Structures are given as structure tokens and as C-alpha cells.
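One structure below.
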Protein chains: 2
Amino acid sequence: MTTENVYKNISLKKVAEKAGVSIATVSRVINNSPNVNPETRIKIEKIIKDLKYTPNRVAKRLRNRSSSGSLLGVLIPDIQNPFYVEVLRGIEDVAYKNKYALIMCNFAQDENKEKLYLDILQSESIDGLIAAPTHEHDQKVTNLVKAGLPIVCVDRGLVDVDVDVVLVENRKGAFTAVDYLAKKGYKRIAYISGIPKLPSSRDRELGFRDALEANKLSVFTELIKYGDSRHDSGVRLCAELLELPNPPDAIFAGNNLITLGALETIHKKGLKIPGEVAIIGFDDMYWSISLNPPLTAVRQPAYEIGKCAAEQLISRINNPGRPTSSMILKTELMIRNSC
Amino acid sequence: MTTENVYKNISLKKVAEKAGVSIATVSRVINNSPNVNPETRIKIEKIIKDLKYTPNRVAKRLRNRSSSGSLLGVLIPDIQNPFYVEVLRGIEDVAYKNKYALIMCNFAQDENKEKLYLDILQSESIDGLIAAPTHEHDQKVTNLVKAGLPIVCVDRGLVDVDVDVVLVENRKGAFTAVDYLAKKGYKRIAYISGIPKLPSSRDRELGFRDALEANKLSVFTELIKYGDSRHDSGVRLCAELLELPNPPDAIFAGNNLITLGALETIHKKGLKIPGEVAIIGFDDMYWSISLNPPLTAVRQPAYEIGKCAAEQLISRINNPGRPTSSMILKTELMIRNSC
DNA sequence: ATTATTTATGTAAACGTTTTTATTGCAATA
DNA sequence: TATTGCAATAAAAACGTTTACATAAATAAT
């Protein structure tokens, strides 16, 4: 049933034996505590090298509830979304530099899965967590924050508790995009929203409405569609829009995956972009230029988000007392040919 | 300097106290071992529920070198590559179903980073590893296999040791693609290869050559370019190809990222696809249809690869003695409009 | 010369499990 | 009745660390 690995690492004990010294002393040289005889230190260091000793991170974590340079959790909603992949890259780079390993949890927008993963993370005694919670009132994450686990939220904040957070200017970014559309002369602009309970979706909708108002365009409620932030909902909702008796002349897509889905639908219907319908996306991808047509989109600095979040997290781990901070990063309009 | 989390989980001890019983007994009901009084069991189960006890996975792993349902390592070369993201999804789904958490290690084609990550993984006492090693002779991974750590290789095998492996028919897939090109009448077909020391790159080149030969086309060595499997090399090598005095009329791109890079270059030069230059890719993406033009490509069942690998791994963990197996999955030509 | 302080090291407890071994009480067997 | 066997449980060791405490020797202070 259960198994046994043959391989076994060198432990402190082995090193101590070889050096004719107690494990405490060896531990001290490893964590270079003061008060160890320079000669002893050198001798032990040599043995450590010879034996290729590496400390056991599991034992370390068991002993020290939070041990420096150990394990970070990452809880993301959808690893198929290139945005989160970029965020992950940013996190990973920083984590690696600081000798943290990453437990990756992709909860696929499933709140049950999220809960289970959080249990696992807690039970793995992670040192900190970067999370994009399912929504602003996420109980489980909120509780963890309250319990004192270092946490940084990305893409979406938490409302019932004070927590570090890294976001982008969703409202402003959306405004820029839709304003651009309006200035180009489009009159019937649609919005395909991601999951409406997400603050990012709502903020983008606000930006969308701001821009329509600023340009004295009316908002047509039938042109606002709410989906689930995934590719299929882009496909489906875009079809619904285009089949309207009076379809939109331009579409603002709420995220990456929705944009791709919408493009798919438009192409399937054989419509010309931007001639018959224009499209602008929230979220840029490095291959947006190779899309048909090259996509105009609001770029989120995804890599930066991940990087900042990881830095914030590590800073909090090292200094749990410091006041919480929220970083709001800027977006950028990447103008190409889809509108 | 170091920190202390306030939060602390319920331990076996607490449960045992509450139940007026020894921790051994509690442990027994948890792992439902036989020989525990049904009444005691019920009583303890209730307390476990009341106290919301969850076992500490760290302690578990420390005690049992390999404890069922704990930690798996994933070592992948490039998380920016959508192919690996799909593989990861497959792995993650299976892992989650079996209560394994995943430590994600993205070594970004950097052998040093790979080594460091492997050290970390080992020191985390992972139960098993899914890896796409840097090359067939990867010392570190080879050693781990020899040491008895359950390992499954994906995308690339290991040559100095017997190991489970999940691959696709690279040679045949490449043949199909290039044969398709040839049958369409293209005469000067180029190949942009990924890292040449990877077996997958080499196999795809073999398939490429097979197809040229089968169609009585000559291979022009100046039309075979070797890169590093990344986006930039696609951009660069495609440019080199197109600037040749006698440029190719069709390009077979060795992977995902290369295809995207090549597309970028072709578009920058304002060439018509497939009129002025055709392109066919190895690796399909779910949004290939939205590219300009919709991309014809060889589809690897990436999700399946991940799924199979994870299943193989778990099966090996539960049964370390079983003979190694290699699974070779089929590819599929997705015909669209880029050639 | 005596006491206090510092320095280097060792001992042992603790983290939360699993598991081997030991200890009960009780029924069954002789 | 004495012995054996079994079922249920407890006790304790082990996994590999860190660290508070103890000890001993060496140095400094009185």
C-alpha cells in the first residue's frame, strides 16, 4: 500500500557524527549564529560540503511554524488565462530569488476547490500566500488574514479585513479603451463583462459607463452582457450580441479570454474587423500583434503585478507588523488595428 | 527578523485530550486502522469534526518519507509556453483529485535553476516528480530516478536510466505537417527548430526530412534554423529566413512560441500568408482560429499528456516495483488557412 | 585569589505525526 | 484454576530541525 523511498538525505546528525560534535553546533554553523569557534566552524563547513548536506525543509517548517525561505502558496482562479500566467511568472521570479518554493493552486473559479486548496496550504504551513480570491467577501481568505497568515491579494481585494493588495486601475483603463472607441466614432458600444461579482469586472463596467457618458453616448442595457470570464462565455455572449436586431458596432471585451472567444465568434460569422464590428480588449498578450486583426487592447502589467505582490508578501513575512498597503498599477492602451 | 504566526492548528494531541484517549488511538481512527472500538471511533470522529481538526501534512511528510496524498513536484521548462500550461492543467486536475498538492518549478530553460529547484524539491520530501528535463542526459534527474524517487518524464525522455515517460509522436506529427505542405505544392520548405539538443526538436527534424524525401524535395540546409524554443528566436530566425536571397515559400515552425514569433515577423514585413509565405506550426492553441490567418498546426494533446503523466506517477508511487512504461500519444493535424 | 562574565559547546525538549512495542482486561481454552 | 489468545488501548520512539537551558572552560573584574 504505502511506499518507501530508498533514497535518504544526509541529516544534521550524520554531519555531527562525522565532525565529532553535537547537532546543535552544526545547526549553529548552518544558521550562522554567533558563538561558535572559528576553527570548529571551518571544520564543520568542510564536512557539510563533502557530505553535500542540505537542510531538510520539511523538518524546518515543522519546527519553526514560519521558517525563512521556505514555502509560499499561490492561489489563482484560472491558469489558462495568460494574464495569470504572467502574474505567476512575476511571483516565481521573486520567490526563486528569495529561495521560496511555490505551491500552485489553480481553483478554476470553483469556490469548493478554493476552500480545499486553502486547507491544504494551511496544513502545509506555508509562510505566506498570494491569492486572487473568488470575491471580496471570501470568508476563508479573510479568516486566514485575521489569523495572521501573511497574505497579499492580487487583481481583487478583500473588503472585510485590512490586507495588502496589488491592483491595476481597472476603471481608468476601461475608460481609456471605451473613450478611444467613442472618439473613433463608434456609437453602439457593447461590453462583455467577466464574472459580475468581481470588483475588477464592476470597475471596468464603471469605466465603460464613464466613457459613454463623457462622450454623450447612451448606454444600451441590451449591449451589456455578463459572463464568467472564460473563453466560452466570450464565444457565446458575442454571438448573442451580434444576433441582436440592432447589433453593436464595437465591443469592449472584459478580459483576455473573452476577447479571444469574441474574436472566434466574429470570425465564424465572417464579419470584417473593424469594418463590420470593432473590438477592443482588456488585457494584452505578447502575441496580440499576430491576431486577426492585430488587437487593440488595454495592457495590464501582469508580470509587474506578480513581482510586486511577491515582494510585498516577503516584506510582510519579514515584518508582520507593518501597516498594510495597496499598490495600484497603471494600464496602457496598445493601439493596433481592431478598432 | 523571523516571524511568528499567531494562528495554530488543532493537533492530534488536542483531540486526544478532549477525547480522554491517547494520540495513538486518534491517529488510528484517522487512518482507519482496524482494532479500534466502534464506540471510541464514533466518539473521536465527532470530536474531530467539532474541533475541525485537519492533519498536519508537514508532520506527516516528516514522519513518513513518502506519505500518501501529499506533495508532487512539477518541473517545467517554460511556463510562458501555452503547451506546458495545458500540461500543467492536466497534471493539476489529477493531482487535485488525489489530494496531492503541487510544487511548481519553472526553470526557464536554465540548467542552474533546474538544479536548484531539484534540490528544493528533494528537500521538501516530495512524493513524486513530473519533469521535462533539460536534455536526455540530465544528471540530476537521472540520479533522482536511480535513488528511487518516483518520476515521470514528459515531452522528453532520459537515456541513461529506465524511467516512465509520456511523449507524443513527434516524428510522425512533423511528417504529417510537412507532407501536407509538400502535397500543397510548396517546394522550398524551411524548418525553424527549437533547442536542437532536445529529442523532440530532433525528432521533428527527422519527420521534416522524411517528408521532404517522401515527396522528392531537396533539403536546403540554409532553410533549417536552430533556435532556443522561445518567442524571440521565432522572430529572429524567421527574419533570417525571409531575408535569404532565395527565401522559403513555406515554414514549418518547431513549436508554439516559434510559430507566434514567426507570425510576428511575417506580419511586420507585410507579407501575405499563405500567398507569399505559408506557415504551419507544431502545437495548436485553442485560439489558433483567431490568428491571422487561422493557423494550420499539429495538435499535441497537451492536457492529456499532463493527465497521463500524473496518473502514471501516482500509480508508480503506489506501486514502486512495477516495470517502467512509455506512453506515446498521437498528434492531429488541424487544418485551417495558413498554408 | 576569588568571583563574575563571556565563549563554546552539549543536552534535551518541542514541532505533529505514525508505528512498533508494551500493557491492560477479558474471554476462551485446557 | 491457570494459561493462552485476543482486542483495545497506551507508551514511546522516530522523522530532522531549532532553541532554551545547562555546563564547562577561559577570560575579565574585583
Side-chain angles (χ1 to χ4, degrees), chain A residues 1-5 7-44 48 51 53-71 122-127, chain B residues 1-5 7-44 48 51 53-71 122-127:
Chain A
M1 186 69 225
T2 8
T3 92
E4 31 170 329
N5 285 344
Y7 83 101
K8 208 173 144 151
N9 277 348
I10 306 295
S11 68
L12 268 193
K13 202 169 151 194
K14 282 260 165 51
V15 177
E17 268 168 25
K18 194 105 178 180
V21 82
S22 79
I23 59 171
T25 307
V26 182
S27 173
R28 273 189 281 258
V29 348
I30 283 163
N31 305 312
N32 42 42
S33 332
N35 294 347
V36 25
N37 188 317
E39 292 174 29
T40 320
R41 159 159 284 141
I42 291 175
K43 184 178 67 177
I44 294 181
I48 288 179
L51 260 45
Y53 164 81
T54 53
N56 181 316
R57 297 164 65 103
V58 178
K60 226 163 158 167
R61 261 212 309 295
L62 178 58
R63 176 61 228 266
N64 301 359
R65 203 126 262 306
S66 178
S67 68
S68 69
S70 198
L71 246 199
Q122 201 176 350
S123 142
E124 286 285 355
S125 300
I126 53 169
D127 302 312
Chain B
M1 183 74 222
T2 6
T3 92
E4 29 170 331
N5 286 343
Y7 82 102
K8 211 176 142 147
N9 278 346
I10 306 295
S11 69
L12 268 192
K13 201 168 150 196
K14 283 260 166 49
V15 177
E17 268 168 25
K18 195 104 178 180
V21 84
S22 79
I23 59 170
T25 307
V26 182
S27 175
R28 273 187 283 259
V29 348
I30 284 163
N31 305 312
N32 43 44
S33 332
N35 292 347
V36 25
N37 188 317
E39 291 173 31
T40 320
R41 158 158 283 141
I42 290 175
K43 184 178 66 178
I44 293 181
I48 288 180
L51 260 44
Y53 164 81
T54 52
N56 181 317
R57 297 163 66 101
V58 178
K60 226 162 158 168
R61 263 212 310 294
L62 178 59
R63 176 60 230 262
N64 301 358
R65 203 125 261 306
S66 177
S67 67
S68 68
S70 198
L71 246 200
Q122 201 176 349
S123 143
E124 286 285 355
S125 300
I126 52 167
D127 303 312

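These figures come from a predicted structure and were not determined experimentally. Each chain gets a letter, A, B and so on, in the order its sequence line appears, and its residues count up from 1. Just so you know, these numbers use all the heavy atoms, side chains as well, and skip hydrogens, waters and symmetry mates.
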Next on the checklist: Can you measure K60(B) atom NZ to dA14(D) atom C1' for me and round it to whole angstrom units?
Outcome noted: 17 Å

Item to check | Heavy-atom side-chain contact between N9(B) and Y53(B) under 4.5 Å | outcome: no

Next on the checklist: Counting the atoms with a prime plus P, OP1 and OP2 as sugar-phosphate, which does N35(B) contact under 4.0 Å by heavy atoms, base, sugar-phosphate, or nothing?
Outcome noted: base

Checklist outcome for this item: Tightest non-hydrogen contact, residues L51(B) and I10(B), listed as O-CG1, 3.4 Å

Checklist outcome for this item: 5'-most contact on DNA chain D (nearest-nucleotide basis), N37(B) vs L62(B), goes to N37(B)

Checklist outcome for this item: When every non-hydrogen atom of S123(A) is compared with those of N56(B), the smallest separation belongs to O-OD1, 3.6 Å

Checklist entry - Counting side-chain heavy atoms from C-beta on, which of dG10(C), dT19(C), dT17(D) comes nearest to N64(B)? => result dT19(C)

Item to check | Interatomic distance, E39(B) CD vs dA8(D) C1' [rounded to whole Å] | outcome: 12 Å

Checklist entry - Taking CZ from R61(A) and P from dT17(D), how many angstroms apart are they, rounded to a whole number? => result 13 Å

Item to check | Distance in angstrom units between L12(A) CG and dT11(C) C1', rounded | outcome: 15 Å

Checklist entry - Can you tell me how far C1' of dG16(C) sits from CD of E17(B), to the nearest Å? => result 13 Å

Next on the checklist: By the 4.0 Å heavy-atom rule, please label S33(A) as base, sugar-phosphate, or nothing.
Outcome noted: nothing

Item to check | Distance, rounded to the nearest Å, where K43(A) contributes NZ and dA8(C) contributes C1' | outcome: 12 Å

Checklist entry - Roughly, in whole Å, what's the span from CD1 in I23(B) to P in dA14(D)? => result 15 Å

Checklist entry - Just how far, in rounded Å, is P of dT17(D) from CD1 of I48(A)? => result 10 Å

Item to check | Which nucleotide in dA8(C), dT17(C), dT9(D) has an atom nearest any side-chain atom of V36(B) | outcome: dT9(D)

Checklist entry - Between dT9(D), dA12(C), dT17(C), which nucleotide gets closest to the side-chain atoms of A24(A)? => result dA12(C)

Next on the checklist: So P55(A), base contact, sugar-phosphate only, or nothing? Heavy-atom distance under 4.0 Å.
Outcome noted: sugar-phosphate

Item to check | Heavy-atom donor-acceptor pair, R28(B) side-chain to dA10(D) base, under 3.5 Å | outcome: yes

Next on the checklist: Do R61(A) and S70(A) pair up side chain to side chain, a donor and an acceptor below 3.5 Å, judged on atom types alone?
Outcome noted: yes

Item to check | Heavy-atom pair of closest approach, residues S22(A) and A16(A) | outcome: C-CB, 3.8 Å

Item to check | Sugar-phosphate only, base, or nothing, as touched by S11(B) at under 4.0 Å among non-hydrogen atoms | outcome: sugar-phosphate

Checklist entry - At under 4.0 Å between heavy atoms, what does T25(B) touch on the DNA or RNA strands: base, sugar-phosphate, or nothing? => result sugar-phosphate

Checklist outcome for this item: On DNA chain C, more 5' by nearest nucleotide between N56(B) and V21(A) is V21(A)

Checklist entry - V58(A) near the nucleic acid: base, sugar-phosphate alone, or nothing, with a heavy-atom cut-off under 4.0 Å? => result nothing

